[in-house]
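Lettering of chains follows the sequences in order, A, B, ..., and the numbering in each one begins at 1.
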Amino acid sequence: MNTKKTANKLRDVLKLDKSTSKQIPFNEVKITISKQQLLLAVKTILKSGIWHLSAITCQQLEDDFVLLYHFWKFSGLTLQIRLDEKKPQIDSICPLIPGAEYYEREAREMFGIEFLGLPNPVPLLLPDDWQGGFPMRKKERTNHDKSEGDDLQQKGKSS
Amino acid sequence: MSKITVPIGPQHPLLKEPLSFLVSLEGEKVTDSVLRLGYVHRGIEKLAEQRTYIQNIYLIERICGICSHIHSTTYCQSVEELLKLEVPKRGLYIRMLLCELERIHSHLLWLGVLAKNIGLNTLFMYAWRDREIVLNIMEEISGGRVSHSVNVIGGVQVNLNESHLSLLQQNLQELNKRVKEILRSIENDRSFQARTQKIGHLSLEDIKRYCVVGPVARASGLDIDIRRDAPYAAYDELNFEVPVMTKGDVWARSILRIHETLQAIRLCVQIINNLPDGPVSITAPRRVPAGEVASRAEAPRGEVFYYVRSDGSQNPARLKIRTPTLTTLITLPGQLKNMQLADVSAIIAGVDLCIACGDR
Amino acid sequence: MNLFNIFLRIFIFPGFLFMLILALFLHWLDRKLIARFQGRVGPPWYQPLADLVKLFAKEDILPSGTNQYFAALLPLISFASVLTASFYLPIAIQSTPSFQGDFIVLMFLLSMPSLMYFLAGWVTQGVYSIIGGNRSLLQYFSYEVLFLLAMSGTAIASGSWALTDIRLTQIKVTPYIFPQIIGFLLSLAGLIGKLKREPFDIPKAKSEVIAGALTEFSGKKLALWYLTIQLQTVVGLSFLIHCFFSGLWQMNTISGFFIFLLLLVILQCVLSAISAIYARLRIDQLIHLNWHIFIPLTLLHNIYILLK
Amino acid sequence: MNKTKTSKIIKWARQKSPWLLHFNTGGCNGCDIEILSLLTPRYDVERFGILKESSPRHADILICTGPVTQQVKPRLQRIYDQMPEPKWVLAVGSCSCSGGIFSGAHNILGGIDKVLPVDMYIAGCPCRPEAIIDGIVKLLEQIK
């Protein structure tokens with residue numbers, strides 16, 4: 001209900017056309033916006049009464065990163081942002097939503113995305129002396145799981 | 001005054017799981033605390049990308065021992081949504097039954113840990129003795145006391161016959177009586193109140209700023225429960241209240257969780273009484289069509305969020321899990337500010353941390 | 001003959017061996033009762049003995065940098081002080097050479113282990129030990145005072161500081177338990193505070209400061225510490241019984257001895273029940289409870305006895 | 001008392017009062033709640049004299065659950081060193097025996113035996129309280 005209204009308000013505030021929003025299951029509205037419009041979009045969402053940020057999903061789609069900001073108020077609203085792989089930088093929304101700090105720190109250490117203005121950019125889950133690069137990236141698989149991950153792959157296919 | 005930094009380190013009687021807490025004290029008062037996670041990080045999301053959808057169920061249940069069924073429920077319902085599967089009603093009902101049994105088991109476990117941390121060992125023993133009833137039921141149904149692999153993609157692989165239903169009926173009455181007795185004993189136990197009231201306070205706009213979920217948020221006045229507001233499985237056919245309190249300290253959270261346990265027992269009784277018959281699950285194809293889904297469910301500690309994206313192959317392309325404990329961990333340093341050192345144990349137990357969930 | 005008699009009295013009967021057996025028995029009774037209150041079976045009868053023997057056979061490590069000599073001395077001093085305290089107490093059978101003021105000597109010897117406990121916290125310099133030591137010092141100043149004041153009610157009533165006089169006046173009048181029931185309850189609370197038992201066991205709270213000042217001790221020293229605490233319970237309880245109940249039995253009689261043991265067991269049941277019921281209080285609640293409620297009550301009670 | 005008599009009494013004492021220290025090295029806390037439920041009325045290990053201690057100095061048996069994550073390894077080593085002789089290590093749960101379901105993850109080193117000498121392995125995911133008690137009893141029989 002009100003996430004639909006917010007989605008429409010968002011579209012006309014950011015002057016996006018109809019094609020950018022898409023309906024995904026468990027009644028979520030997904031709107032694709034650009035990197036620069038993030039802070040403005042989050043401000044309008046907060047103003048319209050949606051304050052709960054469920055998660056920030058980060059994933060790698062054919063060599064550029066896609067960030068998903070999942071808001072929720074009885075139904076979902078997701079912002080999708082595409083970052084190119086060479087310079088994965090985006091400004092952090094911690095000043096607006098302090099609760100996003102852990103999600104951003106995790107995305108930073110798992111995918112290597114720079115969040116400008118992150119309060120304390122310290123590793124959240126990985127050990128301090130971690131040299132295994134960014135573990136969640138597709139191509140750059142850590143040597144540790146290259147050996148065992150692949151045979152799981154074969155076993156998965158063969159069984 | 002003397003400034004000491006007390007490490008409530010990875011190995012501490014207060015914590016069942018490793019979590020490093022550096023609390024700096026001035027005399028007995030906590031000035032500030034630094035939290036370090038990551039001791040239980042096993043890279044579940046990375047492992048999930050190397051396994052097929054069916055193998056992932058076995059992995060997803062091992063994220064956390066206490067709320068293993070709710071994790072597999074959220075995961076299975078998001079994959080069923082991708083496959084556009086229509087899960088039979090009886091399967092949904094059995095899935096909900098185990099969700100509620102696990103909520104009772106988790107809340108009674110939490111009550112025991114809180115009582116042990118504030119020195120009331122007798123309540124710890126009583127709460128865990130009553131918890132054995134729920135474990136017996138779950139063992140009877142699914143064969144496993146703690147992690148019971150009941151969910152499959154497309155339904156449930158366990159069926160309830162007459163003996164299960166009569167066992168459930170009789171044990172749930174007994175459990176209801178015992179939980180009411182525990183509630184009565186807590187409400188007029190002055191030493192329990194003395195140790196839990198007016199500490200670890202979280203105001204409503206703190207809840208909103210840090211997006212806190214679950215019993216911790218409902219104890220500060222936030223009236224949101226995924227089972228009622230965005231019903232999944234078949235929760236819209238059951239009626240239950242969602243207890244909400246406004247005081248927002250460890251005492252309010254304790255009473256709220258026990259009321260939630262009573263509500264969960266009431267839900268289980270409803271599920272048994274009008275359990276539809278019919279098949280329990282339908283077979284699901286191995287390949288999942290491309291697509292993405294964001295699904296949420298009400299874990300004993302709050303909203304658990306799953307984002308699954310599939311690219312048509314056998315393995316999920318991306319599986320994002322956000323567990324409720326992460327939101328309460330952000331607020332902990334704030335809650336501990338200028339509290340006594342002795343209150344730290346009550347506050348840490350009050351927010352019911354499940355660090356295995358938090359670190360994934 | 002006299003030498004052998006003294007040897008017998010010091011080492012065998014009312015002395016070392018008897019107190020040790022009594023301490024182990026009461027400690028087992030305490031653990032068994034708490035287990036039974038919680039619906040559990042509880043340890044077998046030989047458990048305290050097995051624990052002590054195992055601890056004696058364990059390796060004795062101390063963190064580097066602690067003063068080994070001083071750390072070894074502390075448990076010995078506290079164990080010795082509690083043992084000498086037990087010789088002053090007329091345990092039903094033998095009558096000790098009582099002098100004016102041995103009430104105070106006994107009180108001092110009983111409070112030595114709490115002081116040593118605090119020093120043990122400082123010697124091992126662990127974070128938990130220092131905090132445990134500080135808390136035990138705070139508790140030392142509040143609950144030793146309460147124990148002294150509440151027990152001195154009986155001394156005031158009998159008009160002398162000698163233990164035997166307290167006993168004699170009680171035989172003539174009635175045992176002090178009936179007129180001074182409040183004094184008895186307060187001294188019981190003081191004893192719980194002194195022994196650092198359940199409701200007041202914040203200095204060695206398992207969930208916050210691991211084992212308080214004893215965190216770094218292990219092996220023989222730890223065994224001595226545990227033995228001291230168990231002996232302190234026995235001596236404290238028999239001191240309480242002597243001052244409040246001693247009119248109930250005659251000295252040097254077998255029946256008197258069994259009445260004394262019965263009272264000891266009953267009081268231990270009361271202590272176990274209290275520690276099974278209540279949650280652990282914070283250190284500020286502890287001090288508040290003591291100085292705002294217990295001490296004024298004791299003073300009023302003592303004044304009432306003086307005026308009577 | 002000659003040598004054999006004292007060692008027999010010490011052996012008896014060690015078998016009758018094993019004190020546990022529990023440390024979760026990164027598991028899913030399924031085995032941890034089973035270890036905690038050992039203390040509760042239904043299983044009640046205190047009748048065997050088993051106590052759950054909180055300081056490494058006081059403990060005889062170190063019970064580890066969960067695969068060893070990279071961050072927990074130095075702590076596990078230090079706790080093992082802090083424990084006085086004679087000490088034993090019990091690996092509870094299949095992921096502490098061999099890394100279990102999580103082996104192959106980027107942060108997991110595998111079972112406990114990659115870090116400490118393990119005396120007894122108890123399999124199960126999560127293992128039942130009866131299995132843990134059986135493991136402890138078998139370990140105590142081995143005590144020389």
With a 4.5 angstrom heavy-atom cut-off, is it the side chain or the backbone of B:Leu37 that approaches chain D, or both, or neither? backbone
At a 4.5 Å cut-off on heavy atoms, which part of B:Glu139 comes close to chain D: side chain, backbone, both, or neither? side chain
Measuring from B:Glu17:CD to D:Asp32:CG, what's the distance to the nearest 0.5 Å? 6.0 Å
Taking every heavy atom of B:Leu47 against every heavy atom of D:Ile101, the minimum-distance pair comes out as CD1-O, 4.4 Å
What are the two closest heavy atoms between B:Pro13 and D:Ser54, and how far apart are they? CG-CB, 3.5 Å
Proximity breakdown for D:Leu21 and chain B, heavy-atom pairs closer than 4.5 Å: side chain
I need the D:Leu39 CG to B:Phe124 CZ distance, nearest 0.5 Å. 5.5 Å
Out of B:His12, B:Arg36, B:Arg42, which one racks up the most heavy-atom pairs below 4.5 Å with chain D? B:Arg42
Options D:Thr65, D:Ile33, D:Thr25, D:Ile35, ranked by heavy-atom pairs under 4.5 Å with chain B, top entry: D:Ile33
Please name the pair of heavy atoms, one in B:Val40 and one in D:Gly27, separated by the smallest distance, quoted to 0.1 Å. CG1-O, 3.3 Å
Can you tell which of B:Lys16, B:Lys116, B:Glu132 has the highest number of heavy-atom pairs within less than 4.5 Å of chain D? B:Glu132
Derivation and outcome, side-chain contact (heavy atoms from CB on, under 4.5 Å), residues D:Arg75 and B:Gln11: CA-CA 8 Å; D:Arg75 293 300 174 110; B:Gln11 194 272 330; over 6 Å; no
Taking all heavy atoms of B:Cys354 and all of D:Asn29, pick out the closest pair and write down the distance. SG-ND2, 3.8 Å
Could you have a look at B:Ile66, B:Val113, B:Leu15 and say which one has the most heavy-atom pairs with chain D under 4.5 angstrom? B:Ile66
Would D:Ser37 and B:Arg145 satisfy side-chain contact (heavy atoms from CB on, under 4.5 Å), going step by step from the backbone distance to the final call? CA-CA 11 Å; D:Ser37 67; B:Arg145 274 164 58 95; 3.8 Å; yes
Side chain / backbone / both / neither for B:Leu135 at chain D, heavy atoms under 4.5 Å: neither
Residue D:Cys31 versus chain B: region with a heavy atom under 4.5 Å: neither
Using non-hydrogen atoms only, which part of B:Leu109 is less than 4.5 Å away from chain D: side chain, backbone, both, or neither? side chain
State the OH-CG distance between B:Tyr39 and D:Leu76, to the nearest 0.5 angstrom. 12.5 Å
When only pairs under 4.5 Å are counted, which of B:His41, B:Arg129, B:Arg131 shares the most heavy-atom pairs with chain D? B:His41
Residues D:Gly26 and B:Pro18: closest non-hydrogen pair is N-CG, 4.3 Å
Bottom line for D:Glu34: the part with an atom under 4.5 Å from chain B's heavy atoms is side chain
Rounded to the nearest 0.5 Å, what's the gap from CZ on D:Phe102 to CG on B:Leu59? Could you check? 6.5 Å
After noting the C-alpha distance and the side-chain angles of B:Asn136 and D:Arg42, does the key distance pass the side-chain contact (heavy atoms from CB on, under 4.5 Å) rule? CA-CA 12 Å; B:Asn136 284 346; D:Arg42 181 169 178 182; 2.8 Å; yes
If you tally heavy-atom pairs under 4.5 Å against chain B, which of D:Gly66, D:Gly30, D:Pro67, D:Cys125 wins? D:Cys125
Assert top hit (heavy-atom pairs under 4.5 Å, partner chain D, pool B:Gly38, B:Cys64, B:Pro10) equals B:Pro10
Out of D:Ile79, D:Asp44, D:Leu36, return the one with the most heavy atom pairs under 4.5 angstrom to chain B. D:Leu36
To the nearest 0.5 Å, what is the distance between OG (D:Ser94) and CZ (B:Arg62)? 7.5 Å
